[in-house]
Amino acid sequence: MDLINGFTTTAIAKAVSILKAGGLVAFPTETVYGLGADALNPYAVAKIFEIKKRPRFDPLIVHVGEKEWVNSYAEHIPRVAKNLIDRYWPGPLTIILQKKKTILDIVTAGLPTVGLRMPSHPVALNLIRSFQRPIAAPSANPFGYVSPTRALHVARMFKNREITVLDGGDSPLGIESTIVSFQDSTICVHRYGALCVEELASMGEVIEAKKKDTLCNAPGELPYHYAPHKPVNIIEGAHEITTVNSSFLAFTKPQDSVKAKYILWLSDTGDMKEAAAHFFSYLIELDKEDIDVIYVQRIPEEGLGRAMMERLKKASKKFKTLRH
Ligand code: TXA
Ligand code: MG
């Protein structure tokens, strides 16, 4: 593991040469850190699955450096997709389209579709454009664990592995991209993320892809993503905390005394953007060795709150499954 400042030209040059040689580079995006490989090199992409211990049936997002690159990797691009690209790229939106043959089966886990995203983080863009090829990258965490929003978290998670980490500071949005596919002019949401569905609704009809009987199917979404090592318990407030051997992630600053050993809150004022920016890094920080449970205060399910609650529910589901 090698951690270097991603804002220097030497760092980018080094990262590009590693990617060209089929190696792995972790890089910052505005959402979370990604663990990248040359999307057109199957051996390099295979390393991502191996190092993350990610099941081969879970497809990767392909990151592009210009909007126009989409035409090289996808076909039958509906009007609404073009509108979304024009409006929200570069940014926290992944769009699922019919793939061209240029995209390898290992990247899409055999699916006929590919998830494409153009990130806005300057280090990410600089890296992809300097490499002049698309970069396949999942979030830079071991499979199932919380996504990292800091270079140091990535470095810790993969400390004995052969990867180079570009440090680009804290990911400003702090939560993964919103993922959508299309059915004619309808936008199907596969994952709630940093771009609110309320925003998307201004671009067309929006439906959830989750339900099996809808027009879109949602492969690759697994029930236990995003979980810390310690069990997560969603509560309404600090009064529900029964054990001192615990961490508490509050939404806003707790007013009363709190029984937990470690306490953090997502935002002083209940600001959703600020809360999302802290969300994963605080969860990682509170995932301590010497506690039994992480209590998390319920977050209002609107805007980014919906994206955070979706991840918390998955994390707490793992807890319930393990208990029973
Ligand atoms: O913000 C993000 O999206 C970050 C940064 C690094 O770009 N990436 C990220 O990747 O969160 P990952 O692999 O952790 O999550 C991507 C999700 C997976 O759940 C995968 O199943 C889904 O996207 N996905 C990718 N391609 C897909 C496809 N063709 N059809 C359906 N789901 C797809
Ligand atoms: Mg992930």
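Counting starts at 1 for both ligands and their atoms, following the listed order. For clarity, every value in this text was computed on a predicted model and none was experimentally measured.
- The distance from ligand 1 to the heavy atoms of Asp58 drops below 4.0 Å at these ligand atoms: 18 (C), 19 (O), 20 (C), 21 (O).
- For ligand 1, the atoms lying closer than 4.0 Å to a non-hydrogen atom of Ser177 are 1 (O), 2 (C), 3 (O).
- No part of Met118 comes within 4.0 Å of ligand 1, judged by heavy-atom distances.
- One distance of note links CD1 of Ile175 with CE of Met308; it measures 5.5 Å at 0.5 Å rounding.
- His190 places no side-chain N or O within 3.5 Å of a backbone atom of Ala209 that could act as its donor or acceptor partner.
- For the atom pair NZ of Lys47 and CG of Leu35, the computed distance is 11.0 Å after rounding to the nearest 0.5 Å.
- In this structure a side-chain-to-backbone donor-acceptor pair under 3.5 Å is missing from Thr252 to Thr269.
- Looking at Arg117, His190, Arg191, Glu176, it is Arg117 that brings a heavy atom closest to atom 5 (C) of ligand 1.
- At a heavy-atom distance under 4.0 Å, atoms from both the backbone and the side chain of Thr113 approach ligand 1.
- Between the side chains of Tyr295 and Thr242, a donor-acceptor pair is found at a separation under 3.5 Å.
- In terms of hydrophobic clustering, with Ile, Leu, Val, Met, Phe, Trp and Tyr side chains grouped at heavy-atom distances under 4.5 Å, Val244 and Val232 are assigned to different clusters.
- Of the N and O atoms on the side chains of Ser139 and Asn141, at least one donor lies less than 3.5 Å from an acceptor on the other residue.
- Every atom of ligand 1 with a heavy atom of Gly34 under 4.0 Å away is listed here by number and element: 6 (C).
- Below 4.0 Å from some heavy atom of Val32 lie the following atoms of ligand 1, by number and element: 4 (C).
- When distances to the Mg ion (ligand 2) are checked against a cut-off of 2.8 Å, Ser139 contributes an N, O or S atom below that limit.
- Under a 4.0 Å criterion applied to the non-hydrogen atoms of His63, ligand 1 contributes the atoms 5 (C), 6 (C), 7 (O).
- Under the 4.5 Å side-chain heavy-atom criterion for grouping Ile, Leu, Val, Met, Phe, Trp and Tyr, Leu125 is not connected to Leu173 through any hydrophobic cluster.
- Interface atoms of ligand 1 facing Ile61, defined by a heavy-atom separation under 4.0 Å, are 3 (O), 8 (N), 9 (C), 10 (O), 16 (C).
- Considering backbone and side-chain atoms together, Tyr33 places no N or O closer than 3.5 Å to any N or O of ligand 1.
- Summarising the contacts of atom 24 (N) of ligand 1 with Gly115, Pro55, Gly110, Pro59, the nearest heavy atom is found in Pro59.
- The shortest heavy-atom contact between Pro172 and Thr29 is CD-O, 4.3 Å.
- One option in Leu60, Thr108, Leu111, Leu116 has a heavy atom closer to atom 28 (C) of ligand 1 than any other, and that option is Leu111.
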